Amino acid sequence: MLDSDARDRVIVAIDCGREEALDLADRLSGHARWLKVGMTLFYAEGPAIVAEMRERGFKVFLDLKLHDIPHQVRGAAEAAVRTGADLLTIHGLGAGAMMAAAREGVEAAAEGGERAKVIAVTVLTSMDQAALSSIGVESPVAEEADRLAGLATQNGIDGVVCSPQEASRMRELLGEGALVVTPGVRPAGAALGDQSRVATPAQAIARGASHIVVGRPITSADDPVAAYEAIVAELVEQA
Ligand code: 3DU
C-alpha cells in the first residue's frame, strides 16, 4: 500500500478533554489525516470542536452513535454534520426507519452539495457472545452483524462499523464501494483495554476494512506520532 493511502485509512480516536485533544491534534498535524471526535470530547466541548479540528486540516469522523426515534435522529444527524463533519455514526439497532431518517438529515445539511457519509454501528468490539446473549441476542456475533449491515444498506447507509473479525464478511456482503470501518485495532503488543474482538492494523485492512480506528495505542503512547507512524509503516509494508 502507498504511504498516502495508508494515511487516508487510519483514523485516530481522540477520547479526552479539549487541552489534550488540541495538543494531540497539533502533534499529529502533518502526519494523520483523520481524527475521530467521539462522545467524550463532543459532549465536553460542543460542536465547535469539530470546526477546530477541520481548521487544523483534519477530516473529522464524528462518532455520536445516534439511536433514537426517526424524527429526533433526522434532526440530530442534520445538526451534527452541519459542524463540518465528514463521517457520522448511528446505531444499527435503531432499525430501518431511523437509519433512513439519518440519511435524510445529512442530505438536508448538504443542501445539494457533497453530503457527509453515515455508517451504522453493528456489534461493539467490546462485546463477545456472552455480552450479546445478556441483551437477548442469541445469534452468533457474525450473524447479528450481517443482519444489521443488511438493514443499513437497505436504508441508504454508506457502510458499517464492525470488528476486524467481521470485516471480510462485511466487505463481501456490502461490496467494494461500502465503508467498512473497524475499531478494535491493536498493534502487536499493545494493551487490549476493554476491547475483545481485535486484530492488528494490517490484519484489519487485509480483511477488507476501508478504515481502521485506533485510539489509546496512539493517544496514550509516550510518543503518539511515533505510534501513528509505526501503524502507517505496518500498512505500507504488509497490507
Ligand atoms: O480502544 P481504542 O482506544 O483504540 O478506541 C477505540 C475507539 O473506537 C473509541 O473511540 C470507541 O468509541 C470506538 N469504538 C467504536 O466506535 C465501536 C466499537 O465497537 C468499538 C470502539
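What you see is a predicted model; the values in this text were computed from it and never measured. Each ligand, and each atom within it, is numbered from 1 in the order the structure gives.
- Val161 and Thr122 make their closest contact through O-OG1, 2.7 Å (heavy atoms, listed as atom of the first residue, atom of the second, distance).
- Between His211 and Trp34, the ring planes lie perpendicular to each other; the angle is over 60°, past the 30° to 60° tilted range.
- No side-chain donor-acceptor contact under 3.5 Å links Asp63 to the backbone of Thr89.
- Listed by chain and number, Ala13, Asp15, Lys36, Asp63, Lys65, Leu124, Thr125, Pro183, Arg186, Gln195, Val213, Val214, Gly215, Arg216, Pro217 each place a non-hydrogen atom less than 4.0 angstrom from ligand 1.
- Residue Asp222 comes nearest to Arg27 through the heavy atom pair O-NH2, 3.9 Å, listed as atom of the first residue, atom of the second, then distance.
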Exercise for review: Test side-chain contact (heavy atoms from CB on, under 4.5 Å) on Met98 and Ile69 and set out the steps.
Suggested key: CA-CA 6 Å; Met98 188 204 82; Ile69 58 171; over 6 Å; no

Practice item. For the pair Arg216 and Asp194, evaluate salt bridge (Lys or Arg N to Asp or Glu O under 4.0 Å) and give the outcome as yes or no after the intermediate values. Key: CA-CA 11 Å; Arg216 289 162 291 181; Asp194 49 7; 2.6 Å; yes

